[in-house]
Amino acid sequence: MSVPQLILTQPDDWHLHLRDGEILKHVAAFSARQFARAIIMPNLQPPVTTVVQAVEYLDRILAAVDGSDFEPLMTLYLTDNTTVAEIIAARKSCFIKALKFYPAGATTNASAGVTDIKHCHAVLETMQETGLPLLIHGEVSDHQVDIFDREKQFIDSVLQPLSKDFPELKIVFEHITTREAADFVLESSDTIAATITPQHLLLNRNALFAGGLQPHHYCLPVLKRETHRQRLLEMIRSGSPKFFAGTDSAPHPRHKKETACGCAGIFSAPVALEIYASIFEQQQILDKLEAFTSFNGADFYGLPRNTKTVTLIKQAWKIPAQYSLGSDTVIPFLAGSTLDWKLI
């Protein structure tokens with residue numbers, strides 16, 4: 001009897017953290033094995049704010065995936081001091097695909113982020129004119145706002161006005177987690193889309209505390225109520241082209257996750273496609289997996305769809321408990337769990 005299999009156009013990851021230095025050398029190959037391209041997040045220390053810095057980072061990524069066809073799609077980190085000239089230079093380059101908007105202090109390495117989006121209006125006007133997308137971490141960073149409400153508050157106080165002020169600006173609402181975010185994207189014009197992670201489709205906030213505090217389920221934005229997760233599942237079942245895969249895979253050494261002040265980030269790169277496949281199978285929509293992982297994002301960014309394919313087979317296998325980070329280790333998402341689909 002033949003083994004059931006899925007043959008998909010090779011997917012892309014539209015939200016990926018590769019870090020730098022030794023971590024980059026150990027994790028980049030996982031994404032290169034699964035994805036043809038990936039939007040690379042610029043929140044290094046120091047952040048990637050100029051085209052020159054992006055070129056240097058690109059070279060380090062390509063060295064880490066030497067021999068692979070993997071294509072890093074680079075981004076710049078938006079700050080209060082980003083200039084119009086830098087936007088023009090970025091647009092003229094062949095490899096800068098977007099700018100990333102982190103509200104100052106909202107997530108990992110976001111201390112240099114934007115303190116007030118009004119400081120960036122000239123830059124946003126140029127981005128709108130040139131078609132360069134803005135990728136948004138959609139949470140307010142005001143610690144007086146409940147952490148589970150920060151995405152909704154961001155929509156009301158920042159994103160709604162921003163989309164009205166710049167109606168032609170292409171926006172990707174990254175790693176959405178709430179009903180309000182899904183509805184905002186669905187009801188907006190075709191210039192606004194969103195990425196959805198494996199963890200926000202699979203888990204609700206109970207997973208943070210099941211059996212004790214679970215640091216490897218801690219990410220930003222944090223996991224939300226089950227009602228919000230169900231709305232995200234409705235979005236993928238709908239087949240809307242406004243939603244596409246962005247893993248937000250974010251590796252941290254184990255000792256930095258399992259500490260009194262653990263850092264945010266879930267490392268899904270080695271198993272992302274298999275997890276997406278499992279979720280889509282659970283929802284009985286395997287026929288919609290290819291568009292979500294391989295077509296919608298490329299179409300939104302105005303890039304050609306990939307021509308190569310990947311194959312997954314229906315075969316139970318166990319996710320390793322950890323992966324090497326040189327002298328340290330990193331714990332993958334769902335470590336030790338069994339998946340029913342395997343990339344070959």
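Note that the coordinates shown come from a computational prediction; the quantities given were computed from them, not determined experimentally. For reference, positions follow the sequence shown, starting with 1.
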Within the structure provided, determine whether [X] and [Y] are in side-chain contact (heavy-atom separation under 4.5 Å).
X    : Y    : answer
I39  : L135 : yes
I117 : L162 : yes
I88  : T126 : yes
C120 : T82  : no
P221 : K224 : yes
I275 : F280 : no
P103 : V114 : no
K100 : V48  : no

Within the 3.5 Å criterion, strictly below it, is a donor on [X] or [Y] matched to an acceptor on the partner's side chain?
X    : Y    : result
T9   : N306 : no
E234 : S238 : no
T311 : Q5   : no
E174 : H137 : no

Nearest 0.5 Å, what's the [atom1]-[atom2] distance between [X] and [Y]?
X    : Y    : atom1 : atom2 : result
Q214 : L223 : CD    : CG    : 11.0 Å
L273 : Q10  : CG    : CD    : 9.5 Å
R37  : D12  : CZ    : CG    : 4.0 Å
W341 : L286 : CH2   : CG    : 6.0 Å
F101 : L124 : CZ    : CG    : 8.5 Å
L339 : L334 : CG    : CG    : 6.5 Å

Main-chain N/O of S189 paired to K242 side chain as donor or acceptor, under 3.5 Å:
yes
Whether R91 side chain and M127 backbone form a donor-acceptor pair below 3.5 Å:
no
Considering non-hydrogen atoms only, spot the tightest contact between [X] and [Y] and give its length.
X    : Y    : answer
S31  : A269 : OG-CB, 3.6 Å
A112 : P47  : CB-CG, 4.0 Å
S268 : S249 : N-OG, 3.1 Å
L220 : H175 : O-NE2, 4.3 Å
P72  : L62  : CD-CD2, 3.8 Å
T227 : R179 : O-NH2, 3.9 Å

Residues [X] and [Y] bridged, charged N to O under 4.0 Å:
X    : Y    : result
D183 : R231 : yes
K314 : E281 : yes
D69  : K308 : yes
D20  : R60  : yes

Should D340 and S278 be marked as a side chain to side chain donor-acceptor pair (under 3.5 Å) after you check the CA-CA gap, both sets of side-chain angles, and the distance that decides it?
CA-CA 7 Å; D340 290 332; S278 298; 5.9 Å; no
Side chain to side chain contact (heavy atoms under 4.5 Å, CB included) assessment of L312 paired with K342
CA-CA 5 Å; L312 296 97; K342 185 173 184 179; over 6 Å; no
Hey, quick one: are [X] and [Y] part of the same hydrophobic cluster, counting side-chain heavy atoms closer than 4.5 Å, chains of contacts allowed?
X    : Y    : answer
L232 : I285 : yes
F295 : Y301 : no
F166 : V185 : yes
V55  : I96  : yes
I7   : L343 : no

When you look at T197 and D248, which way does the side chain to side chain donor-acceptor pair (under 3.5 Å) test go after all the steps?
CA-CA 6 Å; T197 73; D248 195 19; over 6 Å; no
Derivation and outcome, salt bridge (Lys or Arg N to Asp or Glu O under 4.0 Å), residues D299 and R305
CA-CA 7 Å; D299 294 348; R305 295 178 177 182; 2.7 Å; yes
What do you reckon, are the aromatic ring centroids of [X] and [Y] less than 6.0 Å apart?
X    : Y    : value
Y77  : Y102 : yes
W14  : F300 : no
F292 : Y276 : yes

So F184 and F173, would you call those rings parallel, tilted or perpendicular, with 30° and 60° as cut-offs?
perpendicular
Does [atom1] belonging to [X] count more than 12 external heavy atoms closer than 6.0 Å?
X    : atom1 : result
K152 : NZ    : no
R33  : CZ    : yes
K288 : NZ    : yes

Using the side-chain hydrogen bond (donor to acceptor under 3.5 Å, both in side chains) rule, pick out the option among E258, R19, H216 that qualifies with H252.
R19
For T177, the option from H200, E151, H228 that meets side-chain hydrogen bond (donor to acceptor under 3.5 Å, both in side chains)
E151
Walk me through whether T195 and F244 qualify under side chain to side chain contact (heavy atoms under 4.5 Å, CB included).
CA-CA 5 Å; T195 57; F244 39 88; 3.6 Å; yes
Within 45° cone and under 6.0 Å: K257 NZ/CZ vs Y218 ring:
no
Using a 6.0 Å distance limit plus a 45 degree cone around the ring axis, check whether R205 lies over the aromatic ring of F148.
yes
Which one of L325, V330, T247 satisfies the side chain to side chain contact (heavy atoms under 4.5 Å, CB included) criterion with F267?
V330
Apply side chain to side chain contact (heavy atoms under 4.5 Å, CB included) to residues Y323 and V27 and explain how you reach the verdict.
CA-CA 9 Å; Y323 290 96; V27 304; over 6 Å; no
Dump the intermediate steps for side chain to side chain donor-acceptor pair (under 3.5 Å) on Q153 and E139, then the final yes or no.
CA-CA 7 Å; Q153 181 65 34; E139 292 185 290; over 6 Å; no
Apply side chain to side chain contact (heavy atoms under 4.5 Å, CB included) to L233 and I279, showing your working.
CA-CA 9 Å; L233 291 173; I279 294 167; 4.1 Å; yes
